[in-house]
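Below, chains carry the letters A, B, ... as their sequence lines are ordered, and counting in each starts from 1. As a basis for the values below, the full set of heavy atoms in this structure was taken, side chains included, without hydrogen atoms, waters or symmetry mates.
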2 protein chains.
Amino acid sequence: MNLKELAAELHLSQTTVSRALNGYPEVSEKTREIVLAAAQRFGYRPSPAARRLATGRAHALGVVFNAERNALMDPLFVEYLAGVAETSAKQGFDILISPSTPRDEIVTFGRLARDGTVDVVIISGPKLTDERIALLNELEFPFVVHGRPSDPTGISYIDIDNFGAFQQATSFLIQLGHRRVTLINGEEHFTFAQDRSRGAANAFAAAGLPNDMLDEHFMPMTAENAYHCARQALESDARPTAFLCGSALVALGVLRAAAELGLDVPRDLSIVAHDDEMPAFPADQFHPQLTTTRSSIRAAGARVAEMALARVAGQKPGAVAEVWPVQLIVRGSTAAAPERTGGKSDGNRS
Amino acid sequence: MNLKELAAELHLSQTTVSRALNGYPEVSEKTREIVLAAAQRFGYRPSPAARRLATGRAHALGVVFNAERNALMDPLFVEYLAGVAETSAKQGFDILISPSTPRDEIVTFGRLARDGTVDVVIISGPKLTDERIALLNELEFPFVVHGRPSDPTGISYIDIDNFGAFQQATSFLIQLGHRRVTLINGEEHFTFAQDRSRGAANAFAAAGLPNDMLDEHFMPMTAENAYHCARQALESDARPTAFLCGSALVALGVLRAAAELGLDVPRDLSIVAHDDEMPAFPADQFHPQLTTTRSSIRAAGARVAEMALARVAGQKPGAVAEVWPVQLIVRGSTAAAPERTGGKSDGNRS
DNA sequence: CGAAATCCCCAAAGCGCTTTGAACGCTGGG
DNA sequence: CCCAGCGTTCAAAGCGCTTTGGGGATTTCG
């Protein structure tokens with residue numbers, strides 16, 4: 001049943017019926033009720049395609065996702081998507097997933113913006129110099145960002161306090177007596193990795209410790225990468241007594257390296273990981289349970305979708321800039337640093 | 001730039017231009033070339049919304065996904081989605097994600113089918129009695145199934161050989177001397193869980209062993225559930241010497257239980273897991289490396305999307321019914337069953 | 001009581017594409 | 001020389017909705 005038929009059934013014009021259904025004021029309450037009742041009764045549902053053509057708005061929100069073989073952030077992405085879905089479903093917005101490889105990502109964004117299949121897109125994981133943001137700005141296409149853009153002026157975004165989280169975690173380790181700390185970070189060009197790096201460095205500086213006791217590595221955050229990195233660090237002369245991990249997956253790799261080398265966590269080695277709350281891998285289900293800096297990536301997804309919809313509804317870009325606090329949760333993977341058996345001068349050992 | 005403008009530019013009618021672009025035969029090659037060149041030059045892109053309204057086809061494929069707080073299959077879902085995306089991108093199809101809770105899943109499917117926002121939907125994880133399939137059949141809306149429906153007549157589907165995989169894995173364990181085996185399976189109402197169950201049972205029967213040596217548990221396949229289940233089994237009188245796991249996550253839970261009880265894998269306990277190839281948790285990155293029955297959920301996603309598109313292109317439902325073989329890959333988590341120190345009569349022990 | 005304001009409602013014009021039915025110019029057989 | 005037949009092209013009618021620009025009733029005010 002379409003609008004014309006419904007209107008005929010009611011002996012009203014399409015105009016009136018349309019307006020009644022969409023809550024316009026120039027229709028009397030009486031007829032509105034009649035119309036709504038009839039629509040209900042006949043199970044009338046307006047055609048999204050027609051509405052889209054007539055209004056020019058798609059009632060959909062775009063998310064591009066990396067379909068490259070190494071979808072690194074897998075478990076995170078779904079959880080994030082669930083958050084986005086949560087709010088967008090509430091407002092009857094569709095979610096359009098556009099697969100893309102990192103190479104033609106920018107083309108994908110261009111297509112989304114020009115085609116009009118979506119009204120707004122969400123960019124996640126902003127980089128130091130982000131061409132996606134540049135493009136959308138140039139096209140004047142609405143978007144919001146999940147993460148903190150390097151230049152946030154005129155951009156609505158939401159981020160967690162990566163700086164604070166890693167500063168806090170690092171301070172905590174320093175207080176426990178740890179001096180040699182290895183930070184396994186994400187890839188260097190992501191702003192979040194930079195923030196975390198600065199957070200950790202800041203804690204060292206605040207404690208009056210030299211910066212070179214913080215051994216930092218940037219890499220895609222997989223368990224395997226982390227494993228290799230940790231093995232190498234643990235077998236080196238300047239063996240760290242603590243690891244800062246960018247994600248629970250990274251912690252998993254570190255745990256494996258420690259186990260293989262016969263190191264006990266937390267006796268020989270402390271581990272703090274950032275935890276985005278993947279339900280598939282709850283940090284408190286690790287062995288030992290992980291000390292984490294915790295934030296909900298799902299909640300962030302929900303919020304960023306909210307912002308995206310607000311943006312469609314006319315909210316100015318840059319109107320929202322939230323940085324969510326991150327809580328340090330101390331569990332079983334951290335302890336006081338072991339006695340320094342080898343003395344300070346590790347260099348002599350080899 | 002729209003069709004009318006492009007046509008005006010070329011001094012041709014919209015009809016001709018439209019046909020030239022869409023490859024209809026009733027336009028001469030000469031003008032087709034001209035039109036295509038001009039379209040290229042002006043960067044003309046037809047409006048999806050208008051096309052959708054005119055043709056009635058959305059050029060989109062629907063996937064509903066469970067946005068409930070416990071998105072159990074998280075890592076799997078992304079990998080699967082990546083597969084779907086891979087092929088649908090190739091044919092320029094959009095992917096529409098519809099979030100849903102298990103409760104109103106059926107409503108979501110109904111909406112998708114009636115709204116015309118998608119041309120076809122993919123159902124995954126069919127159940128023994130599946131109301132989604134029933135609904136779409138009744139509405140005569142195109143769909144394909146990822147997994148094997150309990151009644152596959154007239155339905156296009158693709159599945160992996162769950163029966164064969166678990167039969168093979170179980171036989172392998174039996175050959176290694178294992179007699180008490182615990183199977184941690186998915187939820188009972190899924191067809192794949194039934195198939196796996198039958199596969200394992202069949203192996204026991206074929207070896208002439210009583211069925212009650214196979215201890216089977218149905219549950220959502222999370223690491224935590226598996227952990228609790230494994231603890232209980234390992235602390236019972238009839239302690240199993242081997243586990244069959246429905247997924248790598250399940251194996252993770254079992255590994256933790258074993259570690260906590262001081263059991264060595266594979267010396268004291270063998271583990272075989274089904275592996276859907278989640279890149280985030282490669283089975284060969286576990287410690288010990290997991291013996292698995294391996295299949296690519298991503299490839300399955302790609303294939304099922306292909307089928308979905310074929311379905312849109314007019315292929316008859318039920319035209320495709322593929323069951324992919326599953327390979328047993330022996331790694332370090334399996335070994336010969338330990339000597340039976342306690343004798344056969346475990347019942348006496350308590 | 002007439003004019004202006006107020007309410008409701010309507011006819012019709014798009015939105016940008018596809019597709020039907022017709023017409024055009026040309027060739028070739030009768 | 002005429003007409004059927006073919007290859008190309010076109011004008012116009014939708015697809016189902018929103019929205020503009022009125023236009024009857026009814027009310028309100030001078």
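- Remark: C1' of dG16(D) and CZ of Arg114(B) are 19 Å apart, rounded to the nearest angstrom.
- Where Val27(B) and Thr55(B) meet DNA chain D, the nucleotide closest to each residue was compared, and Val27(B) sits on the side nearer the 5' end.
- In this structure, Lys4(A) places its NZ atom 11 Å from C1' of dC17(D), rounding to the nearest Å.
- The pair Glu187(A)-Lys127(A) does not meet the salt-bridge criterion, since no charged nitrogen lies less than 4.0 angstrom from a carboxylate oxygen.
- For Lys30(B) and dT9(D), the NZ to P distance is 8 Å, given to the nearest whole Å.
- Residue Thr16(B) places at least one side-chain N or O closer than 4.0 Å to OP1 or OP2 of dC10(D).
- Which of dT19(C), dC9(C), dT9(D) sits closest to the side chain of Glu26(B) comes down to dT9(D).
- Comparing dT18(C), dC10(C), dT18(D) against the side chain of Gln14(A) picks out dT18(D) as the nearest.
- For the pair Arg148(B) (side chain) and Ala321(B) (backbone), a donor-acceptor distance under 3.5 Å is absent.
- Closest contact between the side chain of Asn22(B) and the listed nucleotides dT18(C), dC10(C), dT9(D) involves dT18(C).
- Here Phe190(A) and Phe192(A) bring their ring centres to under 6.0 angstrom of each other.
- Atom CG in Leu53(A) sits about 10 Å away from atom C1' in dT18(D), given to the nearest Å.
- Side-chain N/O atoms of Thr31(A) include none lying less than 4.0 angstrom from OP1 or OP2 on dC8(C).
- Regarding Arg57(B), its CZ atom lies at a distance of 13 Å from the C1' atom of dT18(C), rounded to whole Å.
- Between Ser28(B) and the phosphate of dT8(D), there is no side-chain N or O to OP1/OP2 separation shorter than 4.0 Å.
- With hydrogens and angles ignored, the 3.5 Å screen pairs a side-chain donor or acceptor of Thr55(B) with a backbone N or O of Arg51(B).
- Each of Tyr157(B), Trp324(B), Tyr80(B) was scored for a ring-ring contact (aromatic ring centres under 6.0 Å, His included) with His146(B), with one residue passing: Tyr80(B).
- A salt bridge does not link Arg298(A) with Glu277(A): every distance from a Lys NZ or Arg NE/NH1/NH2 to an Asp or Glu carboxylate oxygen is 4.0 Å or more.
- Separating the CZ atom of Arg52(B) from the P atom of dC15(D) is a distance of 18 Å, rounded to the nearest angstrom.
- Using a 4.0 Å heavy-atom distance criterion, Arg19(B) is classed as a base contact.
- Contact check, Asn2(A) against dC15(D): no side-chain N or O comes under 4.0 Å of OP1 or OP2.
- The base of dT19(D) lies close enough to the side chain of Thr15(A) for a donor and an acceptor atom to sit less than 3.5 Å apart.
- Between the P atom of dG16(D) and the CZ atom of Arg51(A) lies a distance of 15 Å, rounded to the nearest Å.
- Residue Tyr44(B) places none of its side-chain N or O atoms closer than 4.0 Å to OP1 or OP2 of dG16(C).
- Phosphate contact (OP1/OP2 of dG16(D), side-chain N/O of Ser47(A), threshold under 4.0 Å): absent.
- Picking from dG16(C), dC10(D), dG16(D) the nucleotide with the shortest atom distance to the side chain of Leu12(B) gives dC10(D).
- Summarising the geometry, the separation between OH on Tyr24(B) and P on dG7(D) is reported as 18 Å, rounded to the nearest angstrom.
- Nearest to the side-chain atoms of Ala50(A) among the listed nucleotides dT18(C), dC10(C), dC17(D) stands dC17(D).
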